[in-house]
Amino acid sequence: MNSLKYIFTLVAGLFTAISTLAWNGDITIQTPHTQMLLHAWEGGDLRMAYYGDRTATLQQLRDAGDDLNFSAMPAFGTVDAIEAPALQVQHADGDLNLELKVDNVDTRDEGNATVTVVTMTDKLQPVTVRVFYKAYKRVDVIETWTEISHQEKKAIVLKRYDSGHLTFRQGNVWLTHLHGNWAAETESTQERLTPGMKIIRNTDGARNSHLDAPELMLSLDGQPQENTGRTIGAALCWSGNFELRINTNSHHVHHLYAGIDPLSSEYVLEPKQVFETPHLALTYTDEGMGGVSRTFHRWARTEGMLHRGMKTGDILLNSWEGIYFDITEERIVQMMDDIAKFGGELFVMDDGWFGDKYPRNNDSSSLGDWVVDRRKLPNGIKALTDAARQRGIKFGIWIEPEMSNTKSELFEKHPEWVLQTKGRELKQGRGGTQVVLDMANPEVQDFVFRVVDDLMTQYPEIAYIKWDANASIQNYGSLYLPKQKQSNIYVDYHLGLIKTLKRIRAKYPDLVIQDCASGGGRANYGLLPYFDEFWVSDNNDALQRVYIQYGTSYFFPSNAMAQHIGGVPYWNTGGRITPIKFRCDVAMSGRLGIELQPKHMTDEERAQCTQAFADYKELRPIVQTGNLYRLLSPFSRDGLASLMYVDDAQSHAVLFIYKVDNYCDQPIPRLRMAGLDPDRTYTLTERNVKTGQQPCSLNGKQFTGRFLMSVGIEVPLRDDYASRVFELK
């Protein structure tokens, strides 16, 4: 018995030693080419030391003079006046301090990733903070987030709860971030980091990427370059209000913080409840901005951040800018005939198909009343899905399930489902009547699920849903949440939305769903795992789309970017007229579609679209799943924009080039490519040649990859809005 007891004691001691070694010392988080180095010790805080390539060790950093003295998740009450906190809570007794000590470090394998969990507790109060680091094995991305829980007798308040914190050396560091507005999304801004606090935030409530976007890049070697230079990329995977902060202080480092915006979002957390912050995705590369983009694109496609994954999207016709609300069965069938003749694969009926008591003839009524308007569609949706099948195409439909109008049967029946404050006048948005449903309410979540479920149950042939969200949260109040938890609204809205989307995806995993929010208002990694693509912008003007799509490509893969050929003169850019070839070439660089009334097209436009569709079907696998190399930026204001996609084998590529400005004696630079095999020979074939013309002089010519990347080619671009598409094999 004594011998057995001795063995048990020895084994227990061994496990204790292993556990202690796991967390009392250095922590290395690794991807194939990058690493994050941290340090933890018993009774002390978790410290951030390094993020970059896999050449450094903690001992080398110490020998080189690094003090390794910055908290990985600095908490209010322990950080000094210079280092801003990433975490702050108010305990049940009013105490605002949080002094975290490391209790344990655990590492586990999760298939395609390794997850390291650092568990910390407050030295006085029963509060636990677990910091997660998820390092992917096939792509250079590390996700970080926190879980906060407690065992206090009453609720505590999370006053700040960032997802992650990163330190990096001061120097000639430049920030690249995106901003814009409705119909003018993703304008790129680049600026050098200077002393002080730089804050990027969005407070729309329901959408978060129309103004400032929740992603950024940090170029560590001076002004940002496309394919060279040490660069960090960061994307907050969240669909609600966010705040990205960069604090530059006198400690010779920059501090990056990312998380939910704390403004009006102090979160009331009950005992034993676990709050998980959004994930912050980080990547590092020495291949410049393009390297960051390619890593995020691969991560999205291969690790589940994009529901479509590596699949390609169909060529579609959306009815919105063709007929707006003027839907009739005759018009819909006519548009189906046209898209089928062009060689398209999908027709999507947009807004205006629903409403009984209140027909949806404009944007002032009917949201929430998801029943077919039989005055417009006397034979219902079944007749349309049948018509699509007969023409060899698929059928899709538009919904806006999170919203309602005060002029609707839903609002009359359930006014309590709308976000509002009792006693205050209800602020109303689009059409003078639009309001937002309370997604924190489980009854509303059930309703939103049923909108999709009822459509798919009645019409299982529906292959595509366009999910829109055309309103911000203007009424800050929930009749569902108790009065002490009103500050949970901004967060619980999105947690309820995600819960509903997970439920939809569990039942309809193969249904294609587009994420639209007045255009690109929800282009974020918080929702993309539940959607197959997003609508990049409500602006279909081809010239402005060059800029919008270029900026969007910084973080999102091309098979997630819906890009449509619009009509001319274009309404929201002063009636600008661009050639049909230019419009086709611009739209072909992502998931191709068309958005106009085909019967109003000229013969030239019809012929060019038919040619573009045919060529695109052959190029689509490379365009939608290839590796992106941006060659010429429209934001440089040099008059040209160019990008190319290359497959993993470097044997097949597609090149796009656009002339975005035109003047006499304009210098057109040689176009130098990227991403090719220098020792292979490539044949150039011009695609989507302008109707009635012959391919340009480069067609059929052969060059080595080394020549194309180091010397380049002279692309003929003489006319206003000239453009070319080349296939390289």
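Just so it is clear, the structure is predicted and the values come from calculations on it, not from any experiment.
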Using ring centroids (six-membered ring only for Trp), state whether F325 and W320 fall under 6.0 Å. yes

Note to self: If you take the centroid of each ring, where Trp contributes its six-membered ring, are F556 and F534 closer together than 6.0 Å?
What the structure shows: yes

How long is the gap from [atom1] on [X] to [atom2] on [Y], to the nearest 0.5 Å?
X: I513; Y: I399; atom1: CD1; atom2: CD1; result: 7.5 Å
X: K466; Y: L316; atom1: NZ; atom2: CG; result: 9.5 Å
X: S293; Y: L628; atom1: OG; atom2: CG; result: 6.5 Å
X: N699; Y: F726; atom1: CG; atom2: CZ; result: 7.5 Å
X: R360; Y: I327; atom1: CZ; atom2: CD1; result: 10.5 Å
X: Q693; Y: E686; atom1: CD; atom2: CD; result: 9.0 Å

Q: Apply side-chain hydrogen bond (donor to acceptor under 3.5 Å, both in side chains) to the pair Y547 and E187, showing each step before the final yes or no.
A: CA-CA 7 Å; Y547 294 85; E187 178 79 17; over 6 Å; no

Q.
Could you walk me through whether Y530 and W467 satisfy the ring-ring contact (aromatic ring centres under 6.0 Å, His included) test, starting with their C-alpha distance in whole Å, then the side-chain angles of each, then the deciding distance to 0.1 Å, before giving a yes or no?
A. CA-CA 11 Å; Y530 315 108; W467 181 306; over 10 Å; no

If you draw a 6.0 Å radius around [atom1] in [X], do more than 12 non-hydrogen atoms from other residues or ligands fall strictly inside?
X: E110; atom1: CD; result: yes
X: K376; atom1: NZ; result: yes
X: K502; atom1: NZ; result: no

Does a donor on one side chain sit under 3.5 Å from an acceptor on the other, for [X] and [Y]?
X: T691; Y: Q608; answer: yes
X: N362; Y: S364; answer: yes
X: Q624; Y: Y616; answer: yes
X: E215; Y: Y525; answer: no
X: D615; Y: N688; answer: no
X: Q390; Y: D386; answer: no

Would you say [X]'s side chain and [Y]'s backbone share a donor-acceptor pair under 3.5 angstrom?
X: H600; Y: G322; value: no
X: E412; Y: T406; value: no
X: Y570; Y: N540; value: yes
X: N470; Y: S518; value: yes
X: N208; Y: G240; value: yes
X: S209; Y: G520; value: yes
X: R391; Y: D338; value: no
X: H494; Y: R207; value: no
X: N559; Y: G313; value: no
X: S642; Y: L631; value: no

Which heavy-atom pair separates [X] from [Y] by the least distance, and what is that distance?
X: L596; Y: M335; answer: O-CE, 3.5 Å
X: R331; Y: D326; answer: NH1-O, 2.8 Å
X: A653; Y: V646; answer: CB-CG2, 4.0 Å

_Assess whether a salt bridge exists between R522 and D515, defined as any Lys/Arg side-chain N lying under 4.0 Å from an Asp/Glu carboxylate O._
no

Please state whether the rings of [X] and [Y] are parallel, tilted or perpendicular, taking 30° and 60° as the class boundaries.
X: F613; Y: F342; value: perpendicular
X: W353; Y: W370; value: tilted
X: H564; Y: W535; value: tilted

Report task. May I ask you to check if R294 and Y629 form a cation-pi contact, with NZ or CZ under 6.0 angstrom from the six-membered ring centre and within 45° of the axis? Result ->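 Yes.
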
(message) Show, in sequence, the C-alpha distance, side-chain angles and deciding distance for I498 and L527, and conclude whether the side chain to side chain contact (heavy atoms under 4.5 Å, CB included) test is met.
(response) CA-CA 7 Å; I498 291 169; L527 291 182; 4.2 Å; yes

Show the atom names and distances, to 0.1 Å, of all donor-acceptor pairs under 3.5 Å that link a side chain in residues 437-449 to residues at least two apart or in another chain.
residue, atom, partner, partner atom, Å
D438, OD1, A440, N, 3.1
D438, OD2, S478, OG, 2.5
N441, OD1, E443, N, 2.9
E443, OE1, W417, NE1, 3.1
Q445, NE2, M439, O, 2.9
D446, OD1, R503, NH1, 2.7

The single option from H297, R298, Q650 passing side-chain hydrogen bond (donor to acceptor under 3.5 Å, both in side chains) against N627
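Single side-chain hydrogen bond (donor to acceptor under 3.5 Å, both in side chains) partner of N627 among H297, R298, Q650: R298.
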
